[in-house]
Amino acid sequence: MSRVLIVGAGLTGSICAFLLRKELPNKVNIVVWDKSRGAGGRMSTSRSPNNPSCTVDLGAQYISATKYYAHIHSSFYEELLAQDILKPLVAPVEGMMSKEEGIVNYVTPHGVSSIVKHYLKESAGAEVLYDRHVTHIHRKDAGWEVCRKGGASQQFDVVVLTMPVPQILQLQGDVGSLMGENQRKKLEAVSYSSRYALGLFYKADARIDVPWAAKYVSNNPCIRFIAIDDKKRNLALKNCGPSVVVHTSVPFGIQHLEEENNVVQPIILEELKKVMPELPESDSIKCQKWRYSQVTRSVADCPGQMTLLSQPLLVCGGDGFTHSNFDGCIESALKVFEVLKSSL
Ligand SMILES: Cc1cc2nc3c(=O)[nH]c(=O)nc-3n(C[C@H](O)[C@H](O)[C@H](O)COP(=O)(O)OP(=O)(O)OC[C@H]3O[C@@H](n4cnc5c(N)ncnc54)[C@H](O)[C@@H]3O)c2cc1C
């Protein structure tokens, strides 16, 4: 049995684990490491510290299926719809611009991280470990020695990297020297937008009386998007109040990128008051900095993955190798899986 390490418990990593388990059930031991404390990555769902049933999606908001992707990824959509992990978006969204005709939007009643959790659950037997921050990868014997912050290193036969491209470039050990000059140039040219997200949680009796569930804001220097998250997900929760997510604009995110969250949070709240003066006082707030939010330039001329070494196999995937959404992650995970399948 080959020991495969997947770095990243976001959507790409979880689908890689799912495909390995489903298609090569007796060939691999799957281990997933993520530096954070839970699954989701940029498809993260946060809970109110005062009421765990009150949640907010800080990253991805809804899943938009174009006709093309709804067709080629139909098995993924059908499975998630059959399990009620995806539901059609029915709530009103102001200012949403459709890039093409025929797009169908979906929401996740249990929060967007429920998609990632589903794929991890379906990777039965995979060892999924959090607080595992990979720092170095060394070639050792016929495989890889992977080092992490504050813990012992481990050996693997195959390593799959699914984090944002700049975080791949930060890895130490042999990763840098294994890259060809052309590969390095392509990875260094990848760029991401940056923005902040605020999650606001309210007490059960709070009311937010607006005619929309989500809204794109175009006339504020700080705020770009607001969603009444429970309304967007079409929930009628009895024991908890509403939750609101606010995304800043990218220029604001870039301008304040190196500042601390506790400095930026009051600025966003001040601007939010201007956009929604009627918003009641929240019970608690979570501020998230997305340094690597959405890919603005993906890896050029790339088949959805980049193989840094074939023997032993070290392969990279993620939305940086395709595009930043649900289908981009599936597309990359399928390409990574093709490489894994041919080498295992
Ligand atoms: C604000 C925002 C809004 C978005 N809106 C939408 C939307 O509406 N619809 C949509 O489809 N998509 C949206 N996206 C994009 C979507 O969220 C991403 O494309 C997708 O989640 C990327 O998944 P991934 O697995 O490739 O990467 P990630 O989710 O980034 O997963 C990578 C994982 O690797 C981990 N990691 C990083 N470095 C290390 C390390 N050294 N060691 C261990 N672990 C590590 C991270 O903790 C992370 O969990 C949005 C994203 C953001 C941020």
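Here the structure is a predicted model, which means the values were calculated and not measured. The figures that follow rest on heavy atoms only: side chains count, while hydrogens, waters and symmetry mates do not. All ligand and atom numbering here is 1-based and tracks the order in the structure. Along the sequence shown, residues carry numbers from 1.
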Is it true that Glu260 and Lys289 make a salt bridge, defined as a side-chain N closer than 4.0 Å to a carboxylate O? no
Can you confirm, on distance only, whether ligand 1 has an N/O atom lying under 3.5 Å from any N/O atom belonging to Val134? yes
If I apply the N/O under 3.5 Å rule, does Ser293 come out as touching ligand 1? no
Geometric N/O contact Asp319 with ligand 1, under 3.5 angstrom: yes
Min N/O separation Arg195 to ligand 1 under 3.5 Å: no
So the salt bridge (charged side-chain N to carboxylate O under 4.0 Å, His left out) pairs with at least one residue in residues 77-93 (sequence neighbours excluded) are Asp84-Lys87
If you measure every N/O of Val7 against every N/O of ligand 1, is any gap under 3.5 Å? no
With nothing but distance in play, are any N or O atoms of Tyr292 less than 3.5 Å from an N or O of ligand 1? no
Is there a polar contact between ligand 1 and Leu11, counting only N or O atoms under 3.5 Å apart? yes
Geometric N/O contact His247 with ligand 1, under 3.5 angstrom: no
If you look only at distance, which donor and acceptor atoms sit under 3.5 Å apart when one is on a side chain in residues 322-333 and the other is two or more places apart or in another chain?
unit_1	atom_1	unit_2	atom_2	d
Thr322	OG1	Gly328	O	2.7
His323	NE2	Asn325	OD1	3.4
His323	NE2	Gly328	N	3.4
Ser324	OG	Val295	N	2.8
Ser324	OG	Asp319	OD2	2.7
Asn325	OD1	Asp327	N	3.1
Asn325	OD1	Gly328	N	2.9
Asp327	OD1	His73	ND1	2.7
Asp327	OD1	Tyr77	OH	3.3
Asp327	OD2	Tyr77	OH	2.7
Glu331	OE1	Tyr69	OH	2.5
Ser332	OG	Gly304	O	2.7
Ser332	OG	Gly318	N	2.8
Ser332	OG	Gly318	O	3.4

The option among Asp34, Leu58, Thr322, Ile137 carrying the non-hydrogen atom nearest to atom 48 (C) of ligand 1 is Asp34
